[in-house]
Amino acid sequence: MWRRLRSALRSLRGSSAAPSHGGGGRPPAAMERAVVRCVPSEPKLSLRFVLPDGSARHMQRDQAEPLGRALARIATNAAKGHGKVGKKSKKARAEGGAEDEPAVPAVRLFSRDGAAVAEEVPNAAAWQDGAVLHIGDTRYLVERNPPALTELRLPRSLLAGFPVCPKVSAEFAAPQHCLFRWFREQRPAGGGEAAGEAWVETAAAERVFTPSNALVGLRLKLRCTPGDGEQRYGPALEVESSGPVEAGPGACTFDARHLYTKKVCGHGSVRAVSYNILADTYAQTEFSRTVLYPYCAPYALEIDYRQNLLKKELAGYSADLICLQEVDKSVFVDSLAPALDAFGLEGLFKIKEKQHEGLATFYRRDKFSLLSQHDIAFSEALLSEPLHKELCEQLAKYPVVQEKVLQRSSVLQVSVLQSTTDPSRKLCVANTHLYWHPKGGNIRLIQIAVAMSHIQHVACDLYPRIPVIFCGDFNSTPSSGAYSFISSGGIAEDHEDWVSNGEEERCSMSLSHPFKLLSACGEPAYTNYVGGFHGCLDYIFIDRNALEVEQVIPLPSHEEITTHQALPSVSHPSDHIALICDLKWK
């Protein structure tokens, strides 16, 4: 805590790259700093500076208040500070004569061009970047909304050969404009313990750092200087890793796949990924460790370990679209979003209200911009949206099934994206994770019916005739009713999945949708491989009228998947396998 306070005090008194100014003062480097934070959406602005006696001041003033009142308050604070200094030497001065009352210093504010700012000007307009504040003989260069770091954090687990992606949160700055310097611990001579901390700067000066095997056993330190892209920089912050770099697992299941995805696709193509990444809320249970995944080393189920593998795997696919399922909210906020942001991907998140996990969709910023989002929870949409009125009325005939459908927390994430190079090219990207139970085929059919109606509303009504990419963990094999419904455009009322949980839960309907959808990656033997089950549950469905498949990235070999018996393992972070394909417009 004290280290942070001392650092803040030094940064407040120090100088940063400052704009040109007027005011007849000394050069900027010789001035103190007066840091102003003024955000239009907030009623007050803040002003931070250090008085000549060394005391720091942090003032909150109404933005609409006349400047004169703020200056008067500064003068009062300065006089009080001077008075405190005087009291310390009162006895010494008493021996030499009467003590003088501390004088109130003159306080003025001058604009960048040197003109005095009128006292009736509102604070919000008066405290401009480059202005000069005079407090007696001391001058302060005003820095309005300078770049500042609000959070800098390193992952808890560091593995050699795996990218270290810091979480960087900033105000009036952007991570892509920040400066990064990486350091490693100095290895003590002779292999003994170091007498004190010593750091050696590495050659890397990038946001993401991949430690080599030579750094195993050493901690890392990152120094980040916030920047805004306009040659303005704020005070740097440093963060040290909580533990040393550890040895990586060696070969991973995705290494061979990365050979196909070294480069990002051209602007005429789209690389899409769909992946259930196994939520930590499910992996870190006694049932998971002892029943579901007893073959997996316990440390390989830990979220910090798995996140190392996931970030390397996802970054290596050089994807334009990534649809993830079973994403813990904390994993999205603290790990995946910061990491993939460093690789040029913007993330969107939709949580399941009854769980701590949900869906995430990432898109490449230099290829796509986000036009709109249309996320829904199936149960809520079914009850509240007129779009589903007819389906809701049919479902009401089967109260037992209706109750089960409404109890489910499954959600659908729908994002409309526009090409940055060809505005006429738009995409409706849908992402979902359907009900999991093996006997829940009838529930999944209802969920798909809601999904297809909603996607139709977005891709046909709101944005007529835009192509659809529908990704997800559908918990449905190619022989299921859900798969048939999506790929053929309809489902008959006598399909066997309507009685998937017995005659007492029969729910017979005839349903259809207008899309011509194709499973871009075909029907792999399996996309989920655990000790007691393996099968194809995940798909990337594409609009066959508008899109075609350029290539499908081969799945890992059966030998790679079963090296450690099943998934997840020390070399694979999930019980599912990512689907990856390159698409292009027809």
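These numbers were taken from a predicted model, which means no experiment stands behind them.
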| So, Y539 side chain and S274 main chain: donor-acceptor pair closer than 3.5 Å or not? | no
| said: side chain to side chain contact (heavy atoms under 4.5 Å, CB included), that's the test. Do F378 and T432 meet it? Break it down for me. | reply: CA-CA 10 Å; F378 290 125; T432 197; 3.5 Å; yes
| message | For F470 and F474, take the angle between the two ring planes, folded into 0 to 90°, and tell me which bin it lands in: parallel under 30, tilted 30 to 60, perpendicular over 60. | response | perpendicular
| query | Charged N to carboxylate O below 4.0 Å: is that the case for E346 and R365? | reply | yes
| message | What's the separation between atom NZ in K354 and atom CZ in R408, rounded to the nearest 0.5 Å? | response | 7.0 Å
| request: Take D334 and R156 through the salt bridge (charged side-chain N to carboxylate O under 4.0 Å, His left out) test and state the conclusion after the steps. | output: CA-CA 11 Å; D334 296 327; R156 287 191 293 262; over 6 Å; no
| task | Please say which of L309, L567, L278 ends up in a side chain to side chain contact (heavy atoms under 4.5 Å, CB included) with H572. | result | L567
| request: To the nearest 0.5 angstrom, please state how far the CD1 atom of I469 sits from the SG atom of C323. | output: 8.0 Å
| From CA spacing to verdict: salt bridge (charged side-chain N to carboxylate O under 4.0 Å, His left out), E505, K404 | CA-CA 10 Å; E505 291 190 20; K404 284 195 171 184; 2.9 Å; yes
| query | Okay, side chain of T150, backbone of S169: is any donor-acceptor separation there less than 3.5 Å? | reply | yes
| field | Side-chain donor or acceptor of K350 paired with backbone N/O of N431 under 3.5 Å | value | no
| task | Assign the ring pair F485 / H513 to parallel, tilted or perpendicular, where the plane angle (0 to 90°) is split at 30° and 60°. | result | tilted
| query | Is a side-chain N or O of T527 found less than 3.5 angstrom from the main chain of L537, in a donor-acceptor match? | reply | yes
| According to the interplanar angle, ranging from 0 to 90°, do the rings of F332 and F362 count as parallel (below 30°), tilted (30 to 60°) or perpendicular (above 60°)? | tilted
| said: Quick one, Y463 with S372, criterion side-chain hydrogen bond (donor to acceptor under 3.5 Å, both in side chains). Give me CA distance, side-chain angles, the key distance, then yes/no. | reply: CA-CA 10 Å; Y463 297 90; S372 57; 2.9 Å; yes
| field | Partners meeting side chain to side chain contact (heavy atoms under 4.5 Å, CB included) with R425 (sequence neighbours left out) | value | S419, D422, W585
| query | Measuring from F515:CZ to Q456:CD, what's the distance to the nearest 0.5 Å? | reply | 5.5 Å
| said: Between R271 and D320, does any NZ, NE, NH1 or NH2 come within less than 4.0 Å of an OD or OE carboxylate oxygen? | reply: no
| message | If you count heavy atoms of other groups shown closer than 6.0 angstrom to NZ of K329, is the number above 12? | response | no
| task | Decide side-chain hydrogen bond (donor to acceptor under 3.5 Å, both in side chains) for H356 and D328; before the verdict, give the C-alpha distance in whole Å, the side-chain angles of both, and the deciding distance to 0.1 Å. | result | CA-CA 6 Å; H356 298 289; D328 301 272; over 6 Å; no
| request: For the pair H454 and H457, name the ring-plane relationship: parallel under 30°, tilted 30 to 60°, perpendicular over 60°. | output: tilted
| request: For E357 and T281, run side-chain hydrogen bond (donor to acceptor under 3.5 Å, both in side chains): C-alpha distance rounded to whole Å, both residues' side-chain angles, the deciding distance at 0.1 Å, then the answer. | output: CA-CA 8 Å; E357 53 93 2; T281 190; over 6 Å; no
| task | Quick one: sort the Y483 and F541 rings into parallel, tilted or perpendicular, breaks at 30° and 60°. | result | tilted
| task | Give, for atom CG of L462 and atom NE2 of H374, the distance between the pair rounded to the nearest 0.5 Å. | result | 5.5 Å
| request: Would you check, one step at a time, whether the test side chain to side chain contact (heavy atoms under 4.5 Å, CB included) holds for Y275 with E313? | output: CA-CA 11 Å; Y275 196 6; E313 178 178 7; 3.0 Å; yes
| Would you call the rings of H258 and F254 parallel, tilted or perpendicular if under 30° counts as parallel and over 60° as perpendicular? | tilted
